[in-house]
Amino acid sequence: MAAPALMAFPGRGLEMGRKSTIDKLPPEVRGHIEKRLRENRLTLDELFADVRGAFPDLDTAPSRSALGRYRMGFEEVMQTQRAMSTAAE
């Protein structure tokens, strides 16, 4: 049996995991989600409705919980980038 895949997460080291349903989405959908997350203006429910509204024909729209998990990881990455840019100044 093959060993499970290990994923590296900023600030958390190596963890076991599988590819997020968000990562499996088409690039334009993922880009839309990331743009909304960078804007940091929508609640999770608003983001969920926004993605469903922007891409009504999407066969496998992300679940609310998948968006929440992705948002948490995205925020960690953004905090790390902010800290690195502040340290570089």
Side-chain angles (χ1 to χ4, degrees):
M1 180 186 251
L6 294 176
M7 298 174 63
F9 289 94
R12 295 191 298 184
L14 292 177
E15 293 186 9
M16 293 179 61
R18 60 180 169 222
K19 198 168 193 179
S20 159
T21 54
I22 307 293
D23 291 331
K24 295 176 185 176
L25 293 172
E28 63 272 7
V29 178
R30 206 169 47 250
H32 178 83
I33 292 169
E34 290 175 356
K35 177 183 174 197
R36 294 293 192 229
L37 290 175
R38 278 191 303 276
E39 292 170 353
N40 198 25
R41 295 182 310 165
L42 302 176
T43 66
L44 184 55
D45 289 325
E46 291 170 337
L47 177 62
F48 181 69
D50 179 74
V51 171
R52 298 257 173 174
F55 302 96
D57 297 331
L58 192 60
D59 292 336
T60 55
S63 66
R64 183 181 182 278
S65 58
L67 285 170
R69 287 189 301 270
Y70 193 76
R71 171 187 247 171
M72 287 173 32
F74 189 84
E75 288 173 353
E76 284 185 30
V77 169
M78 293 303 292
Q79 286 177 348
T80 301
Q81 288 180 348
R82 281 188 215 110
M84 287 174 27
S85 67
T86 301
E89 292 177 354

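In what follows, every heavy atom counts, from backbone to side chain, and hydrogens, waters and symmetry copies are set aside.
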Sorted by chain and residue number, the salt bridge (Lys or Arg N to Asp or Glu O under 4.0 Å) partners of R30 (sequence neighbours excluded) come out as none

Taken in chain and number order and not counting sequence neighbours, the residues that satisfy salt bridge (Lys or Arg N to Asp or Glu O under 4.0 Å) with E39 are R36, R41

To the nearest 0.5 angstrom, please state how far the OG1 atom of T21 sits from the CG atom of L67. 7.5 Å

Please list every donor-acceptor pair under 3.5 Å in which a side-chain atom of residues 59-66 meets a protein atom from a residue at least two apart or in another chain.
{"residue": "S63", "atom": "OG", "partner": "S65", "partner atom": "OG", "Å": "3.2"}
{"residue": "S63", "atom": "OG", "partner": "A66", "partner atom": "N", "Å": "3.1"}
{"residue": "R64", "atom": "NE", "partner": "D45", "partner atom": "OD1", "Å": "2.5"}
{"residue": "R64", "atom": "NH2", "partner": "D45", "partner atom": "OD1", "Å": "3.4"}

Within the structure provided, determine whether I22 and L25 are in side-chain contact (heavy-atom separation under 4.5 Å). yes

Residues passing the ring pair (Phe, Tyr, Trp, His ring centres under 6.0 Å) test with F55, sequence neighbours excluded, are H32

Same cluster for L37 and L58 if Ile/Leu/Val/Met/Phe/Trp/Tyr side chains link at under 4.5 Å? yes

If the condition is salt bridge (Lys or Arg N to Asp or Glu O under 4.0 Å), which residues does E75 pass it with, not counting sequence neighbours? R71

Atom CD of E28 and atom CD1 of I33: how far apart are they, to the nearest 0.5 Å? 10.5 Å

E34: what forms a side-chain hydrogen bond (donor to acceptor under 3.5 Å, both in side chains) with it, not counting sequence neighbours? Y70

